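Report on the following structure.
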Amino acid sequence: MAAQLKMPAAAYARRRRQLMRMAGDEAIVVVPAAPERVRSRDTHYPYRQDSDLLYLTGFPEPEAVLVLIPGRMHGETVLFCRERDPAREAWDGPRVGPEGAGEAYGVDDAYPIDDLDEILPGLLEGRRRVYYHFGRDVEFDLKLIGWVNRVRAMMKMGNRPPHEFLELGHLLDEQRLFKDRDELRFMRRAAKISVEAHAAAMRAVRPGMHEHELQAELEYAFRRHGAEPAYASIVGAGANGCVLHYVANNAPIGDSDLVLVDAGAEYRGYAADITRTFPASGRYTKEQRALHDLVHGAQRQSLARSMPGNPYAEVHQAAVETLTEGLLRLGLLKGKLEQRLADESCRRFYPHKTGHWIGLDVHDVGDYRIDGESRLIEPGMVFTIEPGLYVRPDDTSVAAKWRGIGIRIEDDVLVTRDGHEVLTEGLARSAEETEAFMAGHR
Ligand SMILES: [Mn+2]
């Protein structure tokens, strides 16, 4: 694959300007880094930066705070970060340090994080509105309240404390929902790596292997390209495919099992999310094929509705209609289509929604409904389309031949001005394509 991608400094500056324009001249925006989390005693989980801070700066280190102060004469963008410390850096690797951060991250001012207590009250003073994610990091919430109180305590001296506290997500989530062209380069790369990883798993699968061996194939492909899993990879053979968030991945794969693989790469913060369900033997059984065709048909119908101007809810509705119709035809549901649509019977086999926004977070930010109504699809949005069917192994209400089959097909779709682009194109999807691809590799 091509060289590693680099996010231009101008992209971050443009995003900060857009956010500051929305926040207005009397506002201040406070975005702390994600805290480090202990995994066991003195070892931590791999560090993942807060998505908002990544979006606005690309700054990778913990113990940092970005402060945006629109219209401030002495600089609108201020970053607090850890100071250089050769002794610590020998253990944990290099730090940017306030001296380097100005140039490297395009901020106007950078200060040591230890000076935050001293400097932040002065930045809050005279600002009317504070934009911040309340409740995400309780420890930081308390600090912020403390700084505001310090400004209040000095009101007699003419200090003007902020008096509106607003949810940052209200502005920033909406901004992040629409991917800019630089983000799309990263999302295409994450998608491409994920396609390659899924193809590797399809090639490698053999009855008798364990699920975790396929997981290793997937994640080998991720790491080879400098990516990592965007979420815990799901590799479920047979009835394990019916467990929506199956992550044990430790069972053997049987001769006639389907394998459901839901895995995506995160490339420099940007996620992809793909699901394929393929037969360990290379050939679907008759029942597996019937349900796979049905799910594939549902995905095609959902994709056809993924056009600018359509209500987003129609994408799900299209899948529900297709699946309900097919389940009636195959005899897994009984009765009339109108009735079964009205009582949402297909939820027994399809309990989840047909997709979600995707970006820096695999389940990305952004409202799905506005004022109680489904929002309309617009260019720049990226979402997954992932219909599925899951017949539990103990479901005696259906013929035995259907039991224990779990199928999902998931791709990532970018909405364009006049339609859409499937970012995860290039990977066998239908039963026919999947069998042909697998036949070429055994
Ligand atoms: Mn998904």
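Bear in mind the structure is a predicted one, so any value in this text is a computation, not a measurement. Indexing begins at 1, ligand by ligand and atom by atom, following the structure's order. These numbers come from the heavy atoms of this one structure, side chains and all, not from hydrogens, waters or symmetry mates.
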Practice problem: May I ask you to check whether D273 brings an N, O or S atom to under 2.8 Å from the Mn ion (ligand 1)? | Solution: yes
Quiz item: Taking the N/O/S atoms of E386 one by one, which is nearest to the Mn ion (ligand 1)?
Solution: OE2
Quiz prompt | Partner of E211 under side-chain hydrogen bond (donor to acceptor under 3.5 Å, both in side chains), chosen from N240, N249, N250 | solution = N240
Residues 29-42, side-chain donor-acceptor partners within the protein, below 3.5 Å, at least two apart:
none

Quiz item: Taking the six-membered ring for Trp, are Y312 and Y368 parallel (under 30°), tilted (30 to 60°) or perpendicular (over 60°)?
Solution: tilted
Quiz item: Any chance the side chains of D273 and H356 put a donor and an acceptor closer than 3.5 Å?
Solution: yes
Quiz item: Looking at the rings of H245 and Y231, which for Trp means the six-membered one, are their centres under 6.0 Å apart?
Solution: no
Quiz prompt | H363 N/O/S atom closer than 2.8 Å to the Mn ion (ligand 1) | solution = no
Self-check item: Atom of H356 nearest the Mn ion (ligand 1) (restricted to N/O/S, atom name only)
Solution: NE2
Quiz prompt | Which N, O or S atom of E410 lies nearest to the Mn ion (ligand 1), by name | solution = OE2
